[in-house]
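Input: a single structure, listed below in structure tokens.
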Amino acid sequence: MHFVVCIKQVPDSAQIRVHPVTNTIMRQGVPTIINPYDLFSLEEALRLRDKVGGEVTVLTMGPPMASDSLRKALTIGADRAVLLTDRFFAGSDTLATTYALAQAIRKIGETFGPPDIVFAGKQTIDGDTAQVGPGIAKRLDMLQLTYVSGIVDLDNESRVIKLERRSEGGTQLLQSRLPCMITMLEGSNVVRRGRIDDALRAARAEIVTWSAKDAGIEDLQLCGLRGSPTVVKKVFAPPARAEKAALVEIGATPGDTAEAFIEAIFAKSPALEADVAKLASGF
Amino acid sequence: MSEQKPAPQAAGSRASMKKELPEKYRNHKHVWVYIEMERGVVHPVSFELLGEGRKLADQLGVDLAGVVMGAPGEDVKQAARETFAYGADVVYLVENPVLADYRNEPYSKALTQLVNAHQPEILLLGATTLGRDLAGSVATTLLTGLTADCTELRVDDDKSLAATRPTFGGSLLCTIYTLNYRPQMATVRPRVMPMPPRQEGREGRIVPFVTDLTESDIITKILSFMPDRDSNKSNLSFADVVVAGGMGLQSPENFQLVKNLAAVLGAEFGASRPLIQKGWVTADRQIGQTGKTIRPKLYIAAGISGAIQHRVGVEGADMIVAINTDKNAQIFDFAHLGIVTDAIRFLPALTEAFRKRLSPHSNDRLAG
Amino acid sequence: MIDEKFDAIVIGAGMAGNAAAYTMASRGLKVLQLERGEYPGSKNVQGGILYADMLEKIVPDFREEAPLERRLIEQRFWFMTDKAHTGMHYRSDEFNEERPNRYTIIRSQFDRWFARQAQSKGAILLCETTAIELIRDAYGKVVGVRTDRSGGPIHADVVVLAEGVNGLLGTRSELRPRPSAAHVALAVKEMHFLPPEVIEARFNLKGDEGAVIEAAGTISEGMAGMGFIYTNKESISIGIGCLVSDFAESETSPAKLLDIFKKHPSVAPLIAGSEVKEYAAHLIPEGGYKAVPQLFGDGWVICGDAGQLNNAIHREGSNLAMTSGRLAGEAIFQIKSRRDAMTKANLSLYKKFLDESFVLKDLKKYKDMPELLHTQAQNLFLTYPQLVSKAMENFLRVDGKPKIEKEKDTFRNFRKARGFGLIGDAFRIARAWR
Ligand SMILES: Cc1cc2nc3c(=O)[nH]c(=O)nc-3n(C[C@H](O)[C@H](O)[C@H](O)COP(=O)(O)OP(=O)(O)OC[C@H]3O[C@@H](n4cnc5c(N)ncnc54)[C@H](O)[C@@H]3O)c2cc1C
Ligand SMILES: Cc1cc2nc3c(=O)[nH]c(=O)nc-3n(C[C@H](O)[C@H](O)[C@H](O)COP(=O)(O)OP(=O)(O)OC[C@H]3O[C@@H](n4cnc5c(N)ncnc54)[C@H](O)[C@@H]3O)c2cc1C
Ligand SMILES: Nc1ncnc2c1ncn2[C@@H]1O[C@H](COP(=O)(O)O)[C@@H](O)[C@H]1O
């Protein structure tokens, strides 16, 4: 089977700084990482490959430097990496991104065999929209299975897949069919560490690098800024929270302190006490 | 600003692009809110959105409509009545047995058909698992823009929707417009907007909409549904009170102190990532960027430093309370209330004090 | 099991490792480089000043692409007391030359770039891969390493240990002793982010010009230590270091010292309003010449901090690391081209190169300094700065006291200090310096 995993290289959010005057992101020295959510999808794809056989192709659209993330995915165990990079993609919003990625996935299908499952991350930590996965599914006319917490069964023959999906207020057990697009829920697996031979292979691997044209994208009007219906008009720093936490004084005994602490909590939010009391009583 | 989108010169050309709505979108009118229902119950975020939608509709001088979809029956009727009570003028009612439980396929088809038939100008959905799943596919099918997780919605001078949302993990906010495409779609997370007052007896117009979906066309089947309350899995994302512990607890044994407090409060318990990595706590309990996002009414963090990745997962809490030995810990930058003390010694006292405070009878029992 | 054999395995992608990997790879050797960090430089801490000359010998046109922060045109030395500093200040437009001699760098970016240069010459770099064990043949010759990834060992003719001061491979394999507490300083450092315009205004700089402040005195609470402030493009690196053995004896902690330094009235305005992003602690080898271990053996060599090749007096480390890495690479290449084996006898060529270079010459010159600084720490870092400061204050304050009396005060103070050994210290330092 062929599993395609979409990964995105994102700035490590812990390290992002905002220029106090211009409100722009100061990227200097901000390291990039694979979007952490994508790793859960990558791991799931690797597990399926190890179970039913096949190949895992990782795909990213981004600047040439995004090949670092692809190489890392190869180190973890992916078989092949495709980088879609072209200045025409600059400024893509989610709609334009899904167009480019869907075209690239088609091309991957033609070149390396049609994908049975396309994986995407649940969401990214920079864009944080959770739209790209569903968008790709729609464009490729694939069944869409988001927030998957576990793949229960995958039948090679009948192409039937059974999985658990997190829904609002519960877990659905779904049965669906390949080809489909899956986004995995965070925490649904633990990402493996690649073997030394994977690491060596990854270090030397040729990363398939495609321009828009290579990926068979003809209509550049649908790419990048031109293909993006949304426009960012203003970027600004959130108003800083004025005060820091109010600190409760230490009392004579831990018991006194605890009481003063609880008093302070409920004083700040009187309605809370009733809510908590209700919960506590096992309601 | 060009930092947000990578190509500066391209950004320039785009910013200067004129807003000129193509002919085919000129008939799009009215503000819609998708009324999210699961198992017969409307998600409160839909009412919050009606409150917000009302303001937008009034500013634009158009109707506010709710979209109610589900299996035919009393549930959808009830949902329609609620939708009016929270401010809608119109309800588009889509009843079909295939819409009994949420599945992407039939729901996205039905909603897309409805939008194409009745052409709203603005379409709002909750940023829940359901809303995000649905919005993404509908927007792509309609080839329009979608702004996720908005924290503020406004109608601009020229009547377009200005949607403000956090970006880069909350370090910045940005305001996004959908130029030249309709509808303008946006999602909003639960509890971001205030709940509007309910107007008992308020009525409106129901517009039924018929879809031609049949079960045999739908590939994905729901084999079963396990509601959270019947499972022993963590229900962190939806809990009203959450108690969490971090590395400050120093040993897996001490994590029991967090569980004890949670038990007394009827709360869910969670942890920072290192505890999951060390195997002290299971992965479904991780709170933060790569764990659960929580928005409880009360969040108590013990021995957690408050790193940005943790912070983004808890910031939506109404009240954040922190226990930490380090008065300079980052968590005090965003907690509302804090105490600088050893959590290992303080938690038992706090648990006991809560126990006393919350069950008035316990005093009696002790006395008697 | 991996069948492939490499000409050399380099442990570490810091200054020394990258220099060695680059030198060997660019001469056509098959090089594997292992780095335990997420990427080269992710764990490396340096003030940091880059000395251009030594890098030029490795990558001649580095100025075109390397991530350099600011070229240094100004150096300040501060003698600090609790409330004051007495300073020496050297600034010259000569430093605005075409090929500037010193730059500030941020290691996390620089090391990445440097490693990439080695990769572009054909070296293979595996990150997040820690070498945990040396593999030896029946005769004890090192023939490869085992890493913390499954799928084990990798073989090579020679292993270059460029693992830094606290690398465990060399010490665990008993190639070198664990550096003693008296031979390593613990430095802590923070990055304070500020808009470039603010930095330029505060330090009187324009464009890419940069300044450095080195500070000693009461800030180290009587221990042998130094504070430093370096200007980067968008940040200021500020830190302080003291010998680990001193920390062990004293009550204070590195974090506390840094706090004192940052709050010093001369320092606080420089970093006011900044956003602190990175707190890092790192060891600096300061044992000097006498602490340098055996640097080569059958199938192995040691470069950089791992070999205590660090000149604490001049705050030079990365250049010694780079140069030793380059020399190791050149020696290995020569041996290889002669088709000789990587035996201890043959690898002594590396030591010969080192002896002939500034690396060991400089270290030899200051061989007595580390001990002196350590034993005289109280005087050097507490008493003398206060004397100087008092003298300056006395001299500058216009308070109606006759100048002659002021002079007398000052002399009296210094005379008292003779009891502490002022003259002897001055003499000893001068001798050690020479
Ligand atoms: C890509 C990425 C994703 C991440 N995702 C997440 C995530 O989803 N969730 C998450 O939590 N982290 C995440 N992290 C990790 C995050 O950066 C922090 O490392 C982590 O949150 C720190 O956990 P902590 O606060 O428990 O531990 P520490 O940072 O070690 O803090 C312990 C705290 O306890 C205090 N303390 C010590 N002793 C006591 C005592 N006796 N009583 C009271 N207080 C005490 C200390 O003062 C300190 O503030 C992520 C990191 C990365 C790089
Ligand atoms: C605060 C501070 C300020 C300084 N300022 C200056 C300055 O201004 N100018 C200057 O020239 N020098 C300065 N130095 C000294 C300089 O940083 C060092 O001398 C230099 O980094 C030494 O290079 P190295 O390659 O030997 O070691 P390192 O740079 O420490 O590199 C060693 C590398 O090996 C890796 N490693 C270790 N063990 C393993 C293993 N088993 N497997 C795989 N990888 C491993 C490490 O992760 C690391 O990347 C400063 C040092 C400090 C701490
Ligand atoms: N540029 C990209 N290249 C590859 N995959 C992407 C890209 N952008 C988004 N994705 C995928 O879509 C998921 C959701 O992204 P988002 O909608 O931005 O939250 C990510 O987790 C990735 O799997």
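Within every chain, numbering begins at 1; the chains are lettered A, B, ... in the order of the sequence lines, protein sequences first and strands thereafter. We use all heavy atoms of the structure for the numbers below, so side chains are in, but hydrogens, waters and symmetry mates are not.
- Interface residue Asn104(B): only side-chain heavy atoms are found under 4.5 Å from chain A.
- If you measure heavy-atom distances from Tyr147(A) to chain B, the contacts under 4.5 Å come from the side chain alone.
- Contacts of Glu38(B) with chain A are made by side-chain atoms alone, with heavy-atom separations under 4.5 Å and no backbone atom involved.
- Note on Val264(B), Ile276(B), Ile339(B), Leu337(B): by heavy-atom pairs under 4.5 Å with chain A, the leading option is Leu337(B).
- Neither the backbone nor the side chain of Ala137(A) has a heavy atom closer than 4.5 Å to any heavy atom of chain B.
- Note: Leu265(B) leads Thr351(B), Asp101(B), Val340(B), Leu265(B) in heavy-atom pairs under 4.5 Å with chain A.
- Only the side chain of Leu143(A) comes within less than 4.5 Å of a heavy atom of chain B; its backbone N, CA, C and O stay farther away.
- Of the atoms belonging to Phe346(B), it is side-chain heavy atoms, and not backbone ones, that fall under 4.5 Å from chain A.
- With a 4.5 Å cut-off on side-chain heavy atoms, Thr178(B) and Leu161(B) do not count as touching.
- Under the 4.0 Å criterion applied to side-chain N and carboxylate O atoms, Asp126(A) and Lys8(A) are assigned as salt-bridge partners.
- If you measure heavy-atom distances from Leu272(A) to chain B, the contacts under 4.5 Å come from the side chain alone.
- Of the atoms belonging to Asp128(A), heavy atoms from both backbone and side chain fall under 4.5 Å from chain B.
- Classification of Arg357(B) and Glu259(A) as a salt-bridged pair fails, no side-chain N sitting under 4.0 Å from a carboxylate O.
- Between Asp284(B) and Arg166(A) there is no salt bridge, since no side-chain N of the basic residue sits under 4.0 Å from a carboxylate O of the acidic one.
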